[in-house]
Amino acid sequence: MADLMADRKVLAGARVVLPTGIVDNGRVIVENGRIAEVTPAGPAAPAGPARPTATPGAPTRHAAPGATGPGATGPGATGRAPAHAEGGGRAAAGAHAAGAPGRPATSGTGPAQAAAEGGASTATGGPHATGAPDRAGLPGGAAGPAGRAEHGGAHEGVVDLTGYWVVPGFVDMHNHGGGGASFTSGTVEEVLRGVHTHRLHGTTTVVASTVTGEMDFLAHRAGELSELAEQGDIAGIHFEGPFISPCRKGAHSEALLRDPDPAEVRKLIDAARGHAKMVTLATELPGGIDSVRLLAEHGVIAAIGHTDATYEQTIEAIDAGATVATHLYNAMPALGHRAPGPIAALLEDERVTVELINDGTHLHPAALELAFHHAGAGRVAFITDAMDAAGFGDGVYHLGPLEVEVRDGVARLVEGGSIAGSTLTLDTAFRRAATIDRLPVESIVRAVSANPAKLLGVYDKVGSLEPGKDADLVVLDGEFTLVGVMRKGEWVVEPQLG
């Protein structure tokens, strides 16, 4: 009995975001790595829009992001509130606005505050991380006791989180690395460092994405990454390239691109030993539609991306089984009034979930609003598309065989200047969505946790705070700055609440 109690944690007093709504003054009980109980002190608040108070000094709605460049903006419509799945668009500030009652607004010293405008960030100040990487100020060492803990006995600690938010751990289905490590080319130790870097920023479930390479190399890499998936370190493998269009190659080596031959697609699936989760394709290329059908038959997500497809070609791919838009707007034709292209087809079809990179560089806020308005909160997945520099800092890196320079947190190819992934972490995407994009908190949680978990087939374990699921959760302050991360019932970043 004592051993069981030793694994019991109680988080009390927080605003807890559940699939059914927001519980004020909630109580989350964790036992043996799983959520045992979520108890509201009162009735659950209805799942309605929350318009947080913007952080002082933050850009106003539809202000152009600070770091922009070619391809960073997209089509958008101003002056129209998105029709969110939780019951309408941006309602007036009220029930669940930022700055929870009973706690003054904080200055925000966590990683999301440091990176609110889209740059790389490090966990400094409030949170206390355990076993962190060793560069750019990422904290390390053993965690001390959480602040404001009330110990109900030798084996139970009640952490008072009054004035804080508790949300599900983030799920990133498109991530190439971080902490100075590449998921495509790093050693096992480096990949694990990259995974841990993103855990420090709230991503408790991550899919390892590769970039374009030689087929034999990618197949070998899939075998290596599949071992980490079997161990539970990553949630699976995403192949972004080589089956993409040279017209929309982005930061992929054109010399290594190839048409999506179903036999070669099958080779990568087999090499992943059941852990292939998604393949990005330019489905208009020869073999594209047959490859989509192959992926669907094997339970692997067929994602449309790095594509030059027309509207009609995109519809054909969706009908064949494609269900995801890889980083919508980026690396595809712009929305046109005579040639709507893939963007219109992907937004209008209820079978498709659209990925969005909410870093202030890849998308203008109006483009993000347009996606939420047309797709609804149930069909949006926030991703990082992060590369090695995420959580590590500026410098020169490699993305596959291509050299990338990261300056002021923005990654671009040295040759040509194309955006080359991001340095985003999902805590920053969450905070931007709440304080700059002014999205309802419930919608953000769906985009950053529930929706990707459902797509990946892991929603029975992660993606929401429900009894029986893994105790993966994130603690945010009233300004949506990360102060704590728990994975499988253990603190990765232990809140230091003072």
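Remember, predicted model here, so these are calculated numbers, not experimental data. Both backbone and side-chain heavy atoms feed into the values below; hydrogens, waters and symmetry mates do not.
- E350 and R379 are not joined by a salt bridge, as no carboxylate oxygen comes within less than 4.0 angstrom of a charged side-chain nitrogen.
- Proximity of a side-chain donor or acceptor of D261 to a complementary backbone N or O of A263 within less than 3.5 Å is detected.
- When atom types are taken as modelled, the side chain of T203 and the backbone of F170 share no donor-acceptor pair closer than 3.5 angstrom.
- Checked by atom type and distance alone, the side chain of T428 never pairs as donor or acceptor with a backbone atom of L424 at under 3.5 Å.
- No donor-acceptor distance shorter than 3.5 angstrom exists from the side chain of E230 to the backbone of E227, with no hydrogens or angles considered.
- In this structure a side-chain-to-backbone donor-acceptor pair under 3.5 Å is present from S209 to N175.
- Under 3.5 Å, the side chains of D172 and H198 contain no donor-acceptor pair of N or O atoms.
- The main-chain N or O of F183 is found under 3.5 Å from a side-chain atom of R221 such that the two form a donor-acceptor pair.
- Of all the heavy atoms in I318 and V352, the pair that sits closest is CD1-CG2, 3.7 Å.
- How far NZ of K488 is from CG of D472: 6.0 Å, rounded to the nearest 0.5 Å.
- For the pairing with T280, the side-chain hydrogen bond (donor to acceptor under 3.5 Å, both in side chains) check across H306, H174, H238 returns one residue only, H238.
- When the shell of 6.0 Å around CZ of R351 is examined, it contains more than 12 heavy atoms from other residues, nucleotides or ligands.
- For R248 (side chain) and A282 (main-chain N/O), no donor-acceptor pair under 3.5 Å exists by modelled atom type.
- Taking CZ from R432 and CG from D359, the interatomic distance works out to 7.0 Å, rounded to the nearest 0.5 Å.
- Side chain of T435 to main chain of R431: a donor-acceptor pair is present (N/O by atom type, distance under 3.5 Å, no hydrogens or angles).
- Under a 3.5 Å cut-off, the side chain of R446 and the backbone N or O of N451 do not form any donor-acceptor pair.
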